[in-house]
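Model, not experiment: these values are computed from the prediction. We count residues from 1, following the sequence as given. Quick note: numbers below take in every heavy atom, side chains included, and nothing from hydrogens, waters or symmetry partners.
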Amino acid sequence: MFRPTFNYSDKLVTSLVKLENLKAQLASMDFSYPIKHKLSMNSKTQDIFHLGHLLGLDMTLKDAEKIAGGLRLDGFKDQNAYILSNFRNALEFNRSNIADTYSEIDFTVLLHVNKLITSSWRESWDSRFRNESDEFVDKDEWSDLRDLTITGDQVQNSMIEMVEWYKSAAPSITPIIRIGIALFRITEVSPYYTANMLSIIGLADYLFVKNGFAGKIYSSFVRNFDINKDSYKEALQVSKKANDITYWLEVLTDNLIKELTETREDMSKLNEDDEKAKNQPFLDLNKRQLKVLRYLQTVPMIKREDYCHMMEVSTMTAFRDLNDLVRKKLIKVEGKGRGTKYRLSSM
C-alpha cells in the first residue's frame, strides 16, 4: 500500500495559504473577451516556448506563438516537430470540455496524456504501462530519479496504489498536496515506455487545470518547470533520500507561488494597458479635432475661418489643427488660399 510520508511544516502551511489566496485573486479578475484571448494565447505561447527550451531547440517566441495557434513549423526534426504539436494538443485537451468529463486521476487519464504526447513519433506505442520486458527507449533529465527497486512487473500495481491513495485522500488532504505527492510518485515509478518527463509535465498541467491552478487563471506550469527544473530535481533527490516528501512539497508550492505571482503581474499589466488604450484620445486628437470630425459627418465641408469661429481659436491654431488631421489622412484639402476647404477623406 502506498503511504507517503510528509508533514505540514510551518513553511508548507504558509505557502498553501498564499497559494489559495493567489488562486482566488486570479480567478476573481474580470477581463473583456479580447484580453482573455490575449492572456490565453500568451499562456500557451509560454508553454510551447519553454517546452522548446527543455528540448534544447533554438526557438523564438514568434515560433512558439505560431505553434500554439495550431501551425506546424519547418526547421525542426520530425520527432521534435511532433512533440511540439502533440504537446500543444495535450494542453488543448486539458482545457477542453472533453477533459471535464474525465476523472481527476485514473488509468485513462494517465495513459491518455502520454498517448497524446507520443502520438505519431512512437509507432509502436500501445495503451499500457511499461513492463519487465520493456527497455527505456529514451533518456531525459529525470531518468536517474527512477526508483530502481520498482521492477517492470510492479509498475502497474504501483500506479494502482497511487491512484487509490489520491482518491481516498481527497476529503482530508488539500489538492495541491495530493498533486505534489502524485507527481513525486509518478517520477519515482517512471511508468511509461517513453516520454516520462514530458508526460509528467502534461499530467501536472492537467491536474492544475482540474483544481483551478491553471487554465482560466492563465498560468504556465511548463514555464515554471523549465525555470525551476534544477530546484525541482534537487528537491526530488533530497526527499527520496530522506524518505520524506515534505521538502519536495515545500519547493513545489514555493515555485508555484512565484509562477502565480508573475501571472498576476502579467494580467494586471495587460489590463492596465487596455484601460489606458480606452482612455487615450483617438489618434491623440484634441477635443476640437474630434468635434470637427463629427461635424463633417453631417456637413460636407468646412473652411478655416468657419473652424476659427466654431472653435473660438486663432487662425494659426486652426491651421495646426486642420493640417494635423490632413497629415493623419482623416480629412483632405480642396482649393487654395481663402478658398481652401476641408472634407472627410472618406467622402
Return yes if some donor-acceptor pair links the side-chain N/O of [X] with the main-chain N/O of [Y] below 3.5 Å, else return no.
X: Asn286; Y: Gln289; value: yes
X: Arg146; Y: Ser190; value: no
X: Thr298; Y: Tyr295; value: yes
X: Ser28; Y: Ala24; value: yes
X: Ser268; Y: Glu265; value: no

Can you pull the salt bridge (charged side-chain N to carboxylate O under 4.0 Å, His left out) pairs that have at least one residue in residues 213-223, sequence neighbours excluded?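 Listed once each, the pairs are Arg223-Glu259, Arg223-Glu262, Arg223-Asp266.
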Restricting to non-hydrogen atoms, name the atom on [X] and the atom on [Y] that form the minimum distance, rounded to 0.1 Å.
X: Val189; Y: Ser158; value: CG2-CB, 3.9 Å
X: Asn255; Y: Asn224; value: O-ND2, 2.8 Å
X: Ala99; Y: Asn94; value: CB-O, 3.8 Å
X: Thr194; Y: Asn114; value: O-ND2, 3.1 Å
X: Ile48; Y: Leu84; value: CD1-O, 3.9 Å
X: Val222; Y: His50; value: O-CB, 3.9 Å

Verify the neighbour count for atom [atom1] of [X]: are there more than 12 heavy atoms of other residues, nucleotides or ligands below 6.0 Å?
X: Asp10; atom1: CG; result: no
X: Phe319; atom1: CZ; result: no
X: Lys229; atom1: NZ; result: yes
X: Lys38; atom1: NZ; result: no
X: Lys18; atom1: NZ; result: no
X: Asn7; atom1: CG; result: yes

When the ring centroid of Tyr102 is compared with that of Tyr206, is the distance short of 6.0 Å?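 No, they do not, as the ring centres are separated by 6.0 Å or more.
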May I ask you to check whether Phe6 and Trp248 place their ring centers less than 6.0 Å from one another?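 For Phe6 and Trp248, the ring centres are not under 6.0 Å apart.
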Under a 4.0 Å threshold between the charged nitrogen and the carboxylate oxygen, would [Y] count as salt-bridged to [X]?
X: Lys62; Y: Glu65; answer: no
X: Lys233; Y: Asp144; answer: yes
X: Glu92; Y: Lys44; answer: yes
X: Lys328; Y: Asp324; answer: yes
X: Glu188; Y: Arg185; answer: yes

Apply salt bridge (Lys or Arg N to Asp or Glu O under 4.0 Å) to Glu272 and Lys269, showing your working. CA-CA 5 Å; Glu272 288 173 7; Lys269 185 178 186 306; over 6 Å; no
Residues Ser43 and Gln46: side-chain donor-acceptor under 3.5 angstrom: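 Distance-only check fails for Ser43 and Gln46.
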Do Ser220 and Asp47 have a side chain donor and acceptor closer than 3.5 Å?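 Result is yes, a qualifying pair exists.
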Is the NZ or CZ atom of Lys36 positioned over Phe31's six-membered ring, under 6.0 angstrom from the centre and within 45° of the axis?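 No, Lys36 does not lie over the aromatic ring of Phe31.
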Both conditions, 6.0 Å and 45 degrees, for the charged tip of Arg178 above the ring of Tyr166: are they met here?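 So Arg178 does make the cation-pi contact.
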Side-chain heavy atoms of [X] within contact of [Y], under 4.5 Å:
X: Asp153; Y: Asn131; result: no
X: Ser103; Y: Thr108; result: no
X: Leu116; Y: Phe87; result: no

Taking a hydrophobic cluster as the set of Ile, Leu, Val, Met, Phe, Trp and Tyr residues connected by side-chain heavy atoms closer than 4.5 Å, whether directly or through intermediates, do Ile245 and Ile177 fall within one such cluster?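 Yes, it is one cluster - the side chains of Ile245 and Ile177 are joined through contacts under 4.5 Å.
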Approximate separation, where rounding is to 0.5 Å, of [X] [atom1] and [Y] [atom2]:
X: Leu296; Y: Lys291; atom1: CG; atom2: NZ; result: 12.5 Å
X: Lys332; Y: Ser345; atom1: NZ; atom2: OG; result: 7.0 Å
X: Ile117; Y: Met197; atom1: CD1; atom2: CE; result: 10.5 Å
X: Ile160; Y: Asp106; atom1: CD1; atom2: CG; result: 12.0 Å
X: Asp226; Y: Tyr232; atom1: CG; atom2: OH; result: 11.0 Å
X: Leu285; Y: Leu325; atom1: CG; atom2: CG; result: 6.0 Å

Quick one: side chain to side chain donor-acceptor pair (under 3.5 Å) partners of Arg95, sequence neighbours excluded?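 Scan of Arg95 (side chain to side chain donor-acceptor pair (under 3.5 Å), adjacent residues dropped) gives Asp205.
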Per-pair distances, 0.1 Å, donor-acceptor, side chain in residues 301-308, under 3.5 Å, sequence neighbours excluded:
unit_1, atom_1, unit_2, atom_2, d
Arg304, NH2, Tyr342, OH, 3.2
Asp306, OD2, Lys303, N, 3.3
Tyr307, OH, Asp321, OD2, 2.7

Can you say whether the rings of Phe129 and Tyr192 are parallel (under 30°), tilted (30 to 60°) or perpendicular (over 60°)?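 Judged by the thresholds at 30° and 60°, the geometry between Phe129 and Tyr192 is tilted.
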CA sep, side-chain torsions, deciding dist, call: Leu344, Leu330, side-chain contact (heavy atoms from CB on, under 4.5 Å): CA-CA 6 Å; Leu344 287 178; Leu330 295 173; 6.0 Å; no
